Amino acid sequence: MATTETRAEPLGIGEVAERTGLSVHALRFYEREGLLVGPVGRTTGGRRRYAPVDVDWLLICVKLRESGMPLADLKRFAELVRHGPGNEAERLRLLDAHRQRVEDRIRALEECRSVIARKVGVYADHLARGEAGGLWDPTSGTGRPSGG
């Protein structure tokens, strides 16, 4: 039985923008800034043609940026990946430092969520009782917050 290898067709910049959630402008920026791990192919007319591996890499980049990785760190990570094997320890250090920043941010956001949830509870309780007494009232003249 004969098998035929199916190769994914290269994608245009609009298709890659749709698949990654990045704008066409952002994709051009990523290329200009050296954030891709390989050169983007071009048609004879100069149009960009992205391989599936480019899309996979861009999806990783999107998550790293969404999680707050600085552009300089992403650029360094891409550079390390482009250089190939032998620098895995440095890649790990870079990613681990970013993971730690993300975890610190998650802890800070959980503290914020706790404060917000407590305030939501206070307001919901007061509204359920039909009273505003005990809520923060800067017009009361006491200069004291009263739970609101």
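Every value quoted in this text rests on a predicted model; they were computed, and no experiment measured them. Side chains included, hydrogens not; waters and symmetry mates left out as well; all remaining heavy atoms used.
Under a 4.0 Å N-O distance rule, the pair Asp96/Arg99 qualifies as a salt bridge.
Among residues at least two apart or in separate chains, salt bridge (Lys or Arg N to Asp or Glu O under 4.0 Å) pairs with a member in residues 47-60 are Glu31-Arg48. Applying the ring pair (Phe, Tyr, Trp, His ring centres under 6.0 Å) test to pairs two or more places apart or on separate chains, none has a residue in residues 85-105. Listed by first and then second residue, the salt bridge (Lys or Arg N to Asp or Glu O under 4.0 Å) pairs involving residues 14-27 amount to none (not counting sequence neighbours). Every pair passing ring pair (Phe, Tyr, Trp, His ring centres under 6.0 Å) that includes a residue from residues 42-92 is listed here, sequence neighbours excluded: Trp57-Phe77.
For Asp104, the side chain to side chain donor-acceptor pair (under 3.5 Å) partners at least two apart in sequence or on another chain are Gln100, Arg107. Annotation: salt bridge (charged side-chain N to carboxylate O under 4.0 Å, His left out) contacts of Glu66 (sequence neighbours excluded): Lys63.
Among all heavy-atom pairs drawn from Gly34 and Ala78, the shortest one is O-CB, 3.9 Å. Nearest heavy atoms, Ser23 versus Ala17: C-CB, 4.3 Å.
Side-chain N or O atoms of Arg105 include none that pairs as donor or acceptor with a backbone N or O of Gly68 at under 3.5 Å.
Using a 4.5 Å heavy-atom cutoff, the side chains of Val122 and His126 are in contact. Residues Arg82 and Glu79 meet the side-chain proximity criterion, which asks for heavy atoms closer than 4.5 Å. Side-chain atoms of Asp73 and Arg101, non-hydrogen and from C-beta on, do get closer than 4.5 Å to each other.
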Next item on the list: Carefully, step by step, assess Arg113 and Ile116 under the rule side chain to side chain contact (heavy atoms under 4.5 Å, CB included).
Entry: CA-CA 5 Å; Arg113 182 175 55 190; Ile116 293 166; 5.6 Å; no
Checklist line | Test side chain to side chain contact (heavy atoms under 4.5 Å, CB included) applied to Arg93 and Glu90, step by step | finding: CA-CA 5 Å; Arg93 280 191 300 275; Glu90 189 173 349; 3.6 Å; yes
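When Val16, Ile13, Leu59, Leu27 are each tested for a side chain to side chain contact (heavy atoms under 4.5 Å, CB included) with Leu22, only one passes: Leu27.
Atom CG in Leu71 sits 6.5 Å away from atom CD in Glu33 (nearest 0.5 Å). Atom-to-atom distance recorded for Lys75:NZ and Met69:CE is 14.5 Å, nearest 0.5 angstrom. Between Leu58 atom CG and Leu36 atom CG the span is 5.5 Å, to the nearest 0.5 Å.
Clustering ILVMFWY residues whenever any of their side-chain heavy atoms sit less than 4.5 angstrom apart, transitively, puts Leu74 in the very cluster that holds Phe29. Note on Val53 and Val37: separate hydrophobic clusters, where clusters join Ile, Leu, Val, Met, Phe, Trp and Tyr whose side-chain heavy atoms are under 4.5 Å apart, directly or indirectly. Two different hydrophobic clusters hold Val102 and Leu95 under the rule that ILVMFWY side chains link at heavy-atom gaps under 4.5 Å.
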